[in-house]
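Structure, as structure tokens:
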Amino acid sequence: DTAVSQTPKYLVTQMGNDKSIKCEQNLGHDTMYWYKQDSKKFLKIMFSYNNKELIINETVPNRFSPKSPDKAHLNLHINSLELGDSAVYFCASSQDLASRDTQYFGPGTRLTVL
Amino acid sequence: GNSVTQMEGPVTLSEEAFLTINCTYTATGYPSLFWYVQYPGEGLQLLLKATKADDKGSNKGFEATYRKETTSFHLEKGSVQVSDSAVYFCALQNSGGSNYKLTFGKGTLLTVNP
């Protein structure tokens with residue numbers, strides 16, 4: 001059983017399109033995250049939700065909008081895609097917001113904007 | 001704010017060599033510290049963690065000790081294998097306020113040759 005799953009694994013699209021990436025966790029966790037990994041492997045948090053409530057929203061363009069229909073899902077919708085959005089996007093989850101909680105990562109979605 | 005500095009890579013070693021990857025951090029309060037590993041084409045996996053000063057995390061022959069006096073969490077392994085080739089990320093996680101997030105170092109690429 002996959003603990004944190006993401007779809008699709010690869011996404012190739014044209015500039016200006018709108019796309020979504022889905023994430024699901026079957027660990028019963030309360031907190032979910034989206035991270036962006038650039039071409040140099042640098043990882044940076046984008047969003048965090050706890051019990052469907054937005055907790056962290058880093059300086060991410062408004063074109064990125066997370067949606068959490070329930071605690072097990074956190075989807076990422078991106079409007080008007082730009083070349084600079086090309087990256088690997090990772091979803092993660094943790095039991096709660098405690099600093100000691102381990103975050104479990106999905107396999108990533110490689111987004112390529114042409 | 002929080003930050004993590006880890007040694008620049010890439011690191012290339014022969015099998016059975018000793019590995020050290022340095023990691024230092026800046027944080028307020030009492031963060032938890034983590035090492036994550038990313039194998040080629042995969043997501044991040046927790047390698048080990050330590051949640052308070054002087055704790056030692058260990059897993060798969062890797063070790064790291066939480067040193068508050070030197071704000072360090074260096075990763076070590078006595079004898080590396082080819083299968084250890086991956087990117088290693090040091091990270092810290094704080095709690096309280098808007099600190100519910102992992103802050104990552106830039107990653108260190110390790111290549112182990114037979």
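Not measured: the values here are computed from a predicted model. Below, read A as the first sequence line, B as the second, and so on, with proteins coming before strands; counting in each chain starts at 1.
- Interface remark: A/Q37 contributes side-chain atoms only to the contact with chain B (heavy atom separation under 4.5 Å).
- Between B/L47 and B/Y88 the shortest side-chain heavy-atom distance falls below 4.5 Å.
- Using a 4.5 Å cut-off between heavy atoms, B/L44 touches chain A through backbone and side chain atoms alike.
- Using a 4.5 Å cut-off between heavy atoms, B/Q38 touches chain A through its side chain atoms alone.
- Looking at A/K44, neither its backbone nor its side chain comes within 4.5 Å of chain B, counting heavy atoms on both sides.
- A continuous path of Ile, Leu, Val, Met, Phe, Trp and Tyr side chains, each step under 4.5 Å between heavy atoms, connects B/L13 with B/I21, placing both in one hydrophobic cluster.
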> Can you list the steps and then say if A/Y33 with A/F90 is a ring-ring contact (aromatic ring centres under 6.0 Å, His included)?
Replying inline: CA-CA 8 Å; A/Y33 311 80; A/F90 288 100; over 10 Å; no
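- At a 4.5 Å heavy-atom cutoff, the contact between B/K106 and chain A is made by backbone and side-chain atoms alike.
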> What's the verdict on ring-ring contact (aromatic ring centres under 6.0 Å, His included) for A/F105 and A/Y35, showing C-alpha distance, side-chain angles and the deciding distance?
Replying inline: CA-CA 10 Å; A/F105 284 77; A/Y35 289 86; 5.3 Å; yes
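- B/K52 NZ: 12 or fewer foreign heavy atoms inside a 6.0 Å radius.
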